[in-house]
Participant: 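Got a structure for you, questions after.
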Amino acid sequence: MGLDSRAVQRLQQLWAKYGSGPLLLPIPGRKQAVILSPEHVQRVLAGTPRPFTPATKEKSSVLGHFEPNVSLISKPPKRSDRRRFNGMVLEEGCPVHSQADAFLRVVKEEAEVLLARSGEELNWDKFTVAWHKVIRRVVLGDSARDDHELTEMLAKLRAVSNWGFLHPKRAKLAKQFHDRLNQYLSRAETGSLAGRIAALPKTDETSPSHQVAHYLFAFDPGGMATFRTLALLATHPDERARAREEIDAAGETVRKDLPFVRACFLESLRLWPTTPAIFRETTEDVEWDGGTMPKNTHILIFAPFFHRDDEYLDYAHRLNPDLWLQGMPGNGWPLVPFSGGPGICPARDFVPMMGSAMIAEILGTKELSLEQPRLSPEEPLPGTLDNYTLRFRVGPRAS
């Protein structure tokens, strides 16, 4: 239906009619504001958690179903403790995690199994099974590899959480889920994030299982971005050649540092953000040039508007991974696939590392051709790309 493209066009029209905003919306029962200016995006994200908290009422109602103590919806002072913990576990700010050798060996093993079982066709159903095995092994340890029930428990909790306030919590299932997580965390298997967690300082407020629940949750969109990146590289021969040159130079052991492949992964997130809506809420009255934004106003930053605004970006609808090889992608324009400011995702380096490794293992050994839909470097890329229906023909890589 092209809803993302239509939304971008609508916001362009609103900006043309009302100016740079923020634009307050007359929605009954809740004060709402939409951010239309790049400068205001930077101000809101830099002002986390005060006066712009990420712990909005809506977000808290959703995540409260299965991870009520996660740092994302925590308020000070608990937020700082949990945020610090996540940054230490995921080594925020480090493109290559100190345990990368162990993690990427897992990727290599599961990619080999995936390709062996996929035969001549690779689709989302096959890919996501392998991806979740990677997630469980990396986060919880090898003993969690085949614990599909754990993933299904999380899926059930997420399904009801989408209704937020409107659906009663499944407290019994949530307890079973966290009990299972804590069993893995107590084992603290070497070569997993659980093992790293065991060695880190914690407080009574840290709630490790709630932070780990979010790792499992957040890895899902990482898989979507990985699969979409494969679609881009399968249909863009110049970028595919550059990616393969980098992959081949890294060898066949553990491919840890792949800047160009990582840039392609990040570019898929610019084109199709897995978190299109970034939410904040004012904790106090905030003064803007156009007036006062009241306390408890819910704020929306719609990432596709800034990522795909073709009135300002000449690369809005084409693949441009070189953006992410610059010191400041977009030269200050808000390209925010992982949010930004103090509330930026602490996995902003970890997830691209894992996704790039999976891409390298597949693209380094196989030739992929995208069956559906049609993507071309000669045509504008679509506003949405349904990862669930992507299908590839798989063959031996040409010499």
Side-chain angles (χ1 to χ4, degrees), residues 1-18 21 23 25-28 30 32-36 41 58-59 62 121-128 131 155 158-164 166-167 217-218 220-236 265-279 298-320 334-339 369-392:
M1 297 176 67
L3 294 180
D4 278 0
S5 296
R6 290 163 59 185
V8 171
Q9 293 166 7
R10 175 59 59 87
L11 288 174
Q12 289 173 331
Q13 293 165 4
L14 291 174
W15 189 93
K17 182 174 182 178
Y18 294 103
L23 183 62
L25 307 179
I27 296 177
R30 184 80 159 106
Q32 302 272 355
V34 177
I35 300 298
L36 298 175
V41 173
E58 291 81 359
K59 193 185 301 180
V62 170
E121 182 182 88
L122 177 61
N123 58 32
W124 174 255
D125 289 341
K126 296 174 182 177
F127 177 83
T128 194
W131 183 253
R158 288 174 59 184
V160 298
S161 76
N162 285 334
W163 293 92
L166 302 177
H167 199 290
F217 166 47
D220 242 8
M224 296 175 185
T226 301
F227 211 53
R228 289 168 178 162
T229 306
L230 287 171
L232 287 169
L233 292 173
T235 55
H236 290 70
F265 178 94
L266 293 171
E267 182 67 346
S268 80
L269 286 172
R270 179 188 71 82
L271 292 164
W272 305 294
T274 53
T275 306
I278 300 173
F279 296 127
H298 188 259
I299 297 173
L300 166 65
I301 298 170
F302 187 61
F305 173 51
F306 298 97
H307 291 192
R308 305 291 292 269
D309 187 353
D310 53 12
E311 293 182 354
Y312 289 90
L313 305 177
D314 59 3
Y315 53 81
H317 307 310
R318 62 179 174 86
L319 178 63
N320 185 20
L335 304 178
V336 286
F338 290 98
S339 187
S369 58
L370 184 65
E371 293 188 342
Q372 291 293 338
R374 184 176 180 272
L375 302 178
S376 170
E378 281 77 40
E379 298 178 8
L381 290 166
T384 54
L385 185 64
D386 181 7
N387 55 282
Y388 299 103
T389 56
L390 291 178
R391 296 198 315 276
F392 299 90

Participant: Could you tell me which residues satisfy side-chain hydrogen bond (donor to acceptor under 3.5 Å, both in side chains) with Thr226, sequence neighbours excluded, listed by chain and number?
Facilitator: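 Checked Thr226 against side-chain hydrogen bond (donor to acceptor under 3.5 Å, both in side chains); zero matches.
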Participant: Are any of the side-chain heavy atoms of Val34 and Leu11 separated by less than 4.5 Å?
Facilitator: yes
Participant: With sequence neighbours left out, write down each residue that passes side chain to side chain contact (heavy atoms under 4.5 Å, CB included) with Ala231, or none if nothing qualifies.
Facilitator: Leu370, Leu375, Leu385, Leu390, Phe392
Participant: Just how far is it from atom NZ of Lys17 to atom CD of Gln12, taken to the nearest 0.5 Å?
Facilitator: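 Going from NZ on Lys17 over to CD on Gln12, the span is 16.0 Å.
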Participant: Between Thr235 and Leu232, is there a donor-acceptor pair closer than 3.5 Å when you use the side chain of the first and the backbone of the second?
Facilitator: yes
Participant: So, using side-chain hydrogen bond (donor to acceptor under 3.5 Å, both in side chains) as the criterion, who are the partners of Thr384 when residues are at least two apart?
Facilitator: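 In terms of side-chain hydrogen bond (donor to acceptor under 3.5 Å, both in side chains), with neighbours along the sequence ignored, Thr384 is linked to no residue.
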Participant: Apply salt bridge (charged side-chain N to carboxylate O under 4.0 Å, His left out) to Asp4 and list each qualifying residue two or more places apart in sequence or on a separate chain.
Facilitator: none
Participant: CG of Asp125 to OG1 of Thr389: how many Å apart, nearest 0.5 Å?
Facilitator: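 Separation between the atoms: 11.0 Å.
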Participant: Please list, chain by chain and in numerical order, all residues satisfying salt bridge (charged side-chain N to carboxylate O under 4.0 Å, His left out) with Arg270, sequence neighbours excluded.
Facilitator: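 For Arg270 the salt bridge (charged side-chain N to carboxylate O under 4.0 Å, His left out) partners, ignoring immediate neighbours, are Glu267.
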Participant: For Trp131 and Met224, indicate whether the former's side chain and the latter's backbone hold a donor-acceptor pair under 3.5 Å.
Facilitator: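 It does not hold such a pair.
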Participant: Restricting to non-hydrogen atoms, name the atom on Phe305 and the atom on Leu36 that form the minimum distance, rounded to 0.1 Å.
Facilitator: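 In terms of heavy atoms, the two residues are closest at CE2-O, 3.5 Å.
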Participant: So, using salt bridge (charged side-chain N to carboxylate O under 4.0 Å, His left out) as the criterion, who are the partners of Glu121 when residues are at least two apart?
Facilitator: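 Glu121: salt bridge (charged side-chain N to carboxylate O under 4.0 Å, His left out) contacts with Arg391.
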Participant: How would you list, by chain and number, every residue that makes a salt bridge (charged side-chain N to carboxylate O under 4.0 Å, His left out) with Arg10, sequence neighbours excluded?
Facilitator: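 In terms of salt bridge (charged side-chain N to carboxylate O under 4.0 Å, His left out), with neighbours along the sequence ignored, Arg10 is linked to no residue.
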Participant: Taking only residues two or more places apart in sequence or in another chain, which ones pass side-chain hydrogen bond (donor to acceptor under 3.5 Å, both in side chains) with Glu311?
Facilitator: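 Glu311: no side-chain hydrogen bond (donor to acceptor under 3.5 Å, both in side chains) contacts found.
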Participant: Kindly compute the distance separating CG (Leu230) from CG (Asn387), expressed to the nearest 0.5 Å.
Facilitator: 11.5 Å
Participant: Taking all non-hydrogen atoms of both residues into account, name the closest pair between Pro304 and Pro273 and its distance.
Facilitator: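 Taking Pro304 first and Pro273 second, the nearest heavy atoms are CG-CG, 4.0 Å.
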Participant: Taking only residues two or more places apart in sequence or in another chain, which ones pass side chain to side chain contact (heavy atoms under 4.5 Å, CB included) with Glu379?
Facilitator: Arg374, Ser376
Participant: Does the His307 side chain pair with the main chain of Val336, one donor and one acceptor, at a distance under 3.5 Å?
Facilitator: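 Pair found, side chain donor or acceptor close to backbone of Val336.
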Participant: Considering residues at least two apart in sequence or located in another chain, which fulfil the side chain to side chain contact (heavy atoms under 4.5 Å, CB included) criterion with Val62?
Facilitator: Ser161
Participant: Is the closest side-chain heavy-atom distance between Leu313 and Phe306 below 4.5 Å?
Facilitator: no
Participant: Please find the pair of heavy atoms, one from Leu381 and one from Arg308, that lie closest to each other, and give the distance.
Facilitator: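 Looks like O-NH2, 2.8 Å.
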Participant: Distance check, rounded to the nearest 0.5 Å: Arg228 atom CZ versus Asp386 atom CG?
Facilitator: 7.5 Å
Participant: First locate atom CG of Leu300, then atom CZ of Phe279, and finally report the distance between them rounded to the nearest 0.5 Å.
Facilitator: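 Rounded to the nearest 0.5 Å, the CG-CZ separation comes to 5.5 Å.
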Participant: Could you point out which residue of Trp272, Trp124, Phe265, Tyr388 forms a ring-ring contact (aromatic ring centres under 6.0 Å, His included) with Phe227?
Facilitator: Trp124
Participant: Considering all heavy atoms of both residues, which atom of Ala225 and which atom of Ser268 are nearest to each other, and what is their separation?
Facilitator: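 Ala225 and Ser268 have their closest heavy atoms at O-OG, 3.4 Å.
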Participant: Does some side-chain heavy atom of Ile27 sit less than 4.5 Å from a side-chain heavy atom of His298?
Facilitator: no
Participant: What residues, two or more places apart in sequence or in another chain, satisfy side-chain hydrogen bond (donor to acceptor under 3.5 Å, both in side chains) together with Arg6?
Facilitator: none
Participant: At their closest point, which heavy atom of Phe302 faces which heavy atom of Ala7, and how far apart are they?
Facilitator: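 Reported closest heavy-atom pair: CE2-CB, 3.6 Å.
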Participant: Once ring-ring contact (aromatic ring centres under 6.0 Å, His included) is applied, do any residues pair with Trp15, and if so which ones, sequence neighbours excluded?
Facilitator: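 Partners of Trp15 by the ring-ring contact (aromatic ring centres under 6.0 Å, His included) criterion come out as none, since no residue qualifies.
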Participant: If I take atom CG from residue Asp220 and atom OG1 from residue Thr128, how far apart are they, to the nearest 0.5 angstrom?
Facilitator: 6.0 Å
